[in-house]
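For reference, the structure is listed below as structure tokens.
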Amino acid sequence: VVYSVGMMYKNGELYPKDAEKSFLWVKRAMEMGHPDARYFVGFAKERGLGVPIDLPGARKLYQEGAEQLHPLALERLGRFHREGKGVPKDSQLAFRLWMKGAEAGHPLLQSTIGLCYLRQPEFFPNAFPEMAKDDIEAYKWLTLATEGGFKTSAGMRNIAAQRMSVAEIKEAIDKAAAFRPTPAKK
């Protein structure tokens with residue numbers, strides 16, 4: 001309930017929009033152990049929503065969330081490393097963080113991994129210059145993301161399909177069908 005009140009202040013639902021009150025309520029929820037609240041407090045600190053910008057504090061909260069395989073925490077922490085936001089730039093670490101979430105079955109991160117393999121500059125300009133394009137892996141991960149409810153991945157999957165043979169598409173479909181999420185490690 002505490003987290004919900006914070007979100008109501010954030011979105012102006014039932015209560016007037018108020019970033020500071022939202023932050024305080026969500027921070028209470030985080031202190032009570034709510035995993036989404038940890039991510040939101042990190043995001044608020046990263047963007048200065050109701051509190052001053054605090055990149056080290058945001059990164060710490062994202063790291064804690066990433067250890068629990070929280071998909072949005074993994075995504076943001078990966079961006080910190082990809083962009084060098086308060087840490088040395090490390091696109092390989094960003095990729096590994098996103099892959100951990102993708103392998104755990106999170107559609108957002110499956111889509112992100114698919115985009116990394118797709119290597120379309122409009123999605124990730126110059127982000128992974130050392131990584132080879134792999135349309136089979138792109139198609140596989142974008143299929144999993146689409147099936148997991150991340151519907152925008154279907155259009156990106158079609159970009160890969162246009163460059164693939166029928167045999168390659170079949171291979172990618174077979175790989176997606178064989179995929180089993182990796183459970184979180186304690």
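What you see below is based on every heavy atom in this structure, not just the backbone, and it leaves out hydrogens, waters and symmetry mates. Model, not experiment: these values are computed from the prediction.
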Is the number of heavy atoms from other residues, nucleotides or ligands within 6.0 Å of NZ (Lys151) greater than 12?
-> yes
Any idea which heavy atoms bring [X] and [Y] closest together, and the distance?
{"X": "Ala102", "Y": "Phe179", "result": "O-CZ, 3.6 Å"}
{"X": "Ile136", "Y": "Lys175", "result": "CG2-CD, 4.1 Å"}
{"X": "Trp98", "Y": "Glu75", "result": "NE1-O, 3.2 Å"}
{"X": "Gly105", "Y": "Gln110", "result": "CA-NE2, 3.6 Å"}
{"X": "Ala66", "Y": "Ala73", "result": "N-CB, 3.7 Å"}

Are [X] and [Y] packed together at the side-chain level, in the sense that at least one heavy-atom pair is separated by less than 4.5 angstrom?
{"X": "Lys85", "Y": "Arg76", "answer": "yes"}
{"X": "Arg59", "Y": "Val87", "answer": "yes"}
{"X": "His106", "Y": "Thr112", "answer": "no"}

Are Leu142 and Tyr139 connected in a single hydrophobic cluster, I mean Ile/Leu/Val/Met/Phe/Trp/Tyr linked by side-chain heavy atoms less than 4.5 Å apart?
-> no
Is Ser111 reaching over with its side chain to a backbone N or O of Ala145, donor-acceptor style, under 3.5 angstrom?
-> no
Just checking, is any N or O donor in the side chain of Glu46 or Tyr62 under 3.5 Å from an acceptor N or O on the other one?
-> yes
Listed once per pair and sorted, the side-chain hydrogen bond (donor to acceptor under 3.5 Å, both in side chains) pairs that draw on residues 1-26, sequence neighbours left out = none
Out of Met99, Lys100, Gln92, which residue meets the side-chain contact (heavy atoms from CB on, under 4.5 Å) rule with Arg96?
-> Gln92
Should Lys140 and Glu171 count as an ion pair when the cut-off is N to O under 4.0 Å?
-> no
